[in-house]
Amino acid sequence: MTPVRKLVLLGTGLIGGSFALALKRARLVQHVVGVGRNAANLSRALDLNVIDSASHVAVEAVEGADLVLLATPVGQMGRLMAEIAPALPDDCIVTDGGSTKQDVAALYREHLAGHLSHCVPGHPIAGSELSGAAAAQYGLFEGRRVVLTPLPETIAGAVGRTRDLWQACGADVFEMTPAEHDGIFAAVSHVPHLLSFAYMNALLDKPDVAGCLDFAATGFRDFTRIAGSHPDMWSDIAMANRGAVLADLRANVDALQQLIGLVDAGDADALKVFIDRASKARTEWGGRARK
């Protein structure tokens with residue numbers, strides 16, 4: 001596979017940095033430019049050899065690039081697309097790591113209308129509550145999934161090149177439409193995070209919250225781990241995927257109301273059926289996920 005001559009990371013953190021490190025290890029990138037506003041983070045990225053040079057000006061950084069990865073929160077992508085549009089080389093592939101895809105596809109259309117043949121919306125499913133260049137790691141994408149949601153205008157060569165690079169990072173690559181992506185990830189990612197935030201807020205409103213936290217153990221740790229995730233990112237995601245998120249939040253409200261009804265009625269048999277259905281499904285999924 002031909003190496004990337006110049007990779008530009010618009011956002012030098014967990015996803016962008018780990019992508020760069022994986023390509024470096026595979027000897028598939030010659031030069032990585034990190035772009036961002038945080039000078040300390042860029043300096044750290046240089047020290048860790050995540051990037052080879054740094055810039056605060058996106059439009060200057062993309063000159064001569066053959067691959068650009070938008071690795072910022074989705075709320076920042078439109079501004080960056082508009083900034084780089086005048087300087088993008090014609091054959092430069094632009095992809096992203098956004099957790100929502102219908103809104104990102106719309107941003108490509110709005111800001112990179114003349115470049116859609118080389119735009120490949122994507123979502124590497126390898127998140128973490130950690131952030132910044134120091135969170136970047138070589139093996140982050142090994143055995144993980146990456147979803148590509150090409151636009152109708154995207155040429156096969158751009159999709160294939162993007163697929164090959166993610167596979168070189170160790171990822172399994174899938175394709176679907178932006179709408180399919182957003183419906184799936186509202187259910188299995190976006191809403192679980194929001195439910196974890198809601199649970200933590202409910203706990204914080206209890207008068208004996210300090211005592212509760214003192215005795216919290218592994219179940220609490222496992223259930224609330226994702227409540228430590230980045231507020232800006234998850235607020236952006238919830239707003240960007242609002243329709244699908246609301247539908248699944250309401251479905252969870254219905255399930256909670258059913259649970260409340262069973263406990264309130266003292267219906268132990270029905271409660272056992274309710275729990276057993278969930279338990280069996282989770283155990284079956286866990287067995288498949290470990291294979």
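Please read all numbers here as calculations on a predicted model, not as lab measurements. The first residue of the sequence shown is numbered 1, and numbering continues consecutively from there.
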What verdict does the side-chain contact (heavy atoms from CB on, under 4.5 Å) test give for L148 and T162, after you've listed the backbone C-alpha separation in whole Å, the side-chain angles of each residue and the deciding distance to 0.1 Å? CA-CA 9 Å; L148 302 180; T162 307; 4.0 Å; yes
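- Counting heavy atoms from C-beta outward, E175 and V147 have side chains that stay 4.5 Å or more apart.
- At least one side-chain heavy atom of L7 sits under 4.5 Å from a side-chain heavy atom of F19.
- At least one side-chain heavy atom of L271 sits less than 4.5 Å from a side-chain heavy atom of L259.
- Residue pairs meeting the salt bridge (Lys or Arg N to Asp or Glu O under 4.0 Å) criterion with at least one partner in residues 261-278, sequence neighbours excluded, are D276-K280.
- In this structure, L262 is a member of the same hydrophobic cluster as I275, with clusters built from ILVMFWY side-chain heavy atoms closer than 4.5 Å.
- Annotation: side chain of R282 is in contact with side chain of W285 (closest heavy-atom distance under 4.5 Å).
- We find the CZ-CZ distance between R221 and R225 to be 10.0 Å, quoted to the nearest 0.5 Å.
- The distance from atom CG of L112 to atom CG of L70, rounded to the nearest 0.5 Å, is 8.0 Å.
- Other residues, nucleotides and ligands place more than 12 heavy atoms under 6.0 Å from the CZ atom of R163.
- Minimum heavy-atom separation, H118 to D91: CD2-O, 3.5 Å.
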Decide yes or no on side-chain contact (heavy atoms from CB on, under 4.5 Å) for W166 and R144, but give the supporting numbers first. CA-CA 10 Å; W166 279 117; R144 303 293 187 95; over 6 Å; no
Per-pair distances, 0.1 Å, donor-acceptor, side chain in residues 48-64, under 3.5 Å, sequence neighbours excluded:
{"unit_1": "N49", "atom_1": "OD1", "unit_2": "K24", "atom_2": "NZ", "d": "3.4"}
{"unit_1": "D52", "atom_1": "OD1", "unit_2": "K24", "atom_2": "NZ", "d": "2.9"}
{"unit_1": "D52", "atom_1": "OD2", "unit_2": "V32", "atom_2": "N", "d": "2.8"}
{"unit_1": "S53", "atom_1": "OG", "unit_2": "H31", "atom_2": "NE2", "d": "2.9"}
{"unit_1": "S55", "atom_1": "OG", "unit_2": "V57", "atom_2": "N", "d": "3.0"}
{"unit_1": "S55", "atom_1": "OG", "unit_2": "V57", "atom_2": "O", "d": "3.2"}
{"unit_1": "H56", "atom_1": "ND1", "unit_2": "G36", "atom_2": "O", "d": "2.7"}

Let's go through M1 and L165 carefully: what are the C-alpha distance in whole Å and the side-chain angles of both, what is the deciding distance for side-chain contact (heavy atoms from CB on, under 4.5 Å) to 0.1 Å, and is it a yes or a no? CA-CA 9 Å; M1 189 192 314; L165 291 170; 3.8 Å; yes
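- Between the S43 side chain and the A39 main chain, no donor and acceptor come within less than 3.5 Å of each other.
- Taking the charged nitrogens against the carboxylate oxygens, D66 and K6 have no contact shorter than 4.0 Å, which rules out a salt bridge.
- Residues P124 and I15 come closest through the heavy atom pair CG-CG2, 3.7 Å.
- Nearest heavy atom pair, residue P89 against residue H115, reads O-CE1, 3.0 Å.
- A heavy-atom distance below 4.5 Å is not found between the side chains of P3 and R27.
- Between the side chain of T100 and the main chain of D103, no donor-acceptor pair closer than 3.5 Å is present.
- Across N38 and N41, no two heavy atoms sit closer than the pair OD1-N, 2.9 Å.
- In terms of heavy-atom proximity, L151 sits nearest to A105 at CD2-CB, 3.8 Å.
- Between T12 and L42, the closest side-chain pair of non-hydrogen atoms falls below 4.5 Å.
- Pairs passing the side chain to side chain donor-acceptor pair (under 3.5 Å) check and including a residue from residues 234-259, sequence neighbours excluded, read H190-N241.
- V173 and L23 end up in the same hydrophobic cluster when Ile, Leu, Val, Met, Phe, Trp and Tyr side chains are linked at under 4.5 Å.
- Panel note: side chain S196, backbone P192; no donor-acceptor pair is recorded below 3.5 Å.
- The local environment of CZ in R79 is crowded, with over 12 non-hydrogen atoms from other residues, nucleotides or ligands closer than 6.0 Å.
- Of all heavy-atom pairs between A227 and F197, the closest is O-CE2, 3.4 Å.
- Considering only heavy atoms from C-beta on, D96 stays 4.5 Å or farther from H123 through its side chain.
- Counting only heavy atoms from C-beta outward, the side chains of H181 and F174 never approach each other to under 4.5 Å.
- Within a 6.0 Å sphere centred on CG of D90, heavy atoms belonging to other residues, nucleotides or ligands number 12 at most.
- One distance of note links CG of L67 with CG of L9; it measures 8.5 Å at 0.5 Å rounding.
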Residue pair V94, V120: steps toward the side-chain contact (heavy atoms from CB on, under 4.5 Å) verdict: CA-CA 6 Å; V94 183; V120 188; over 6 Å; no
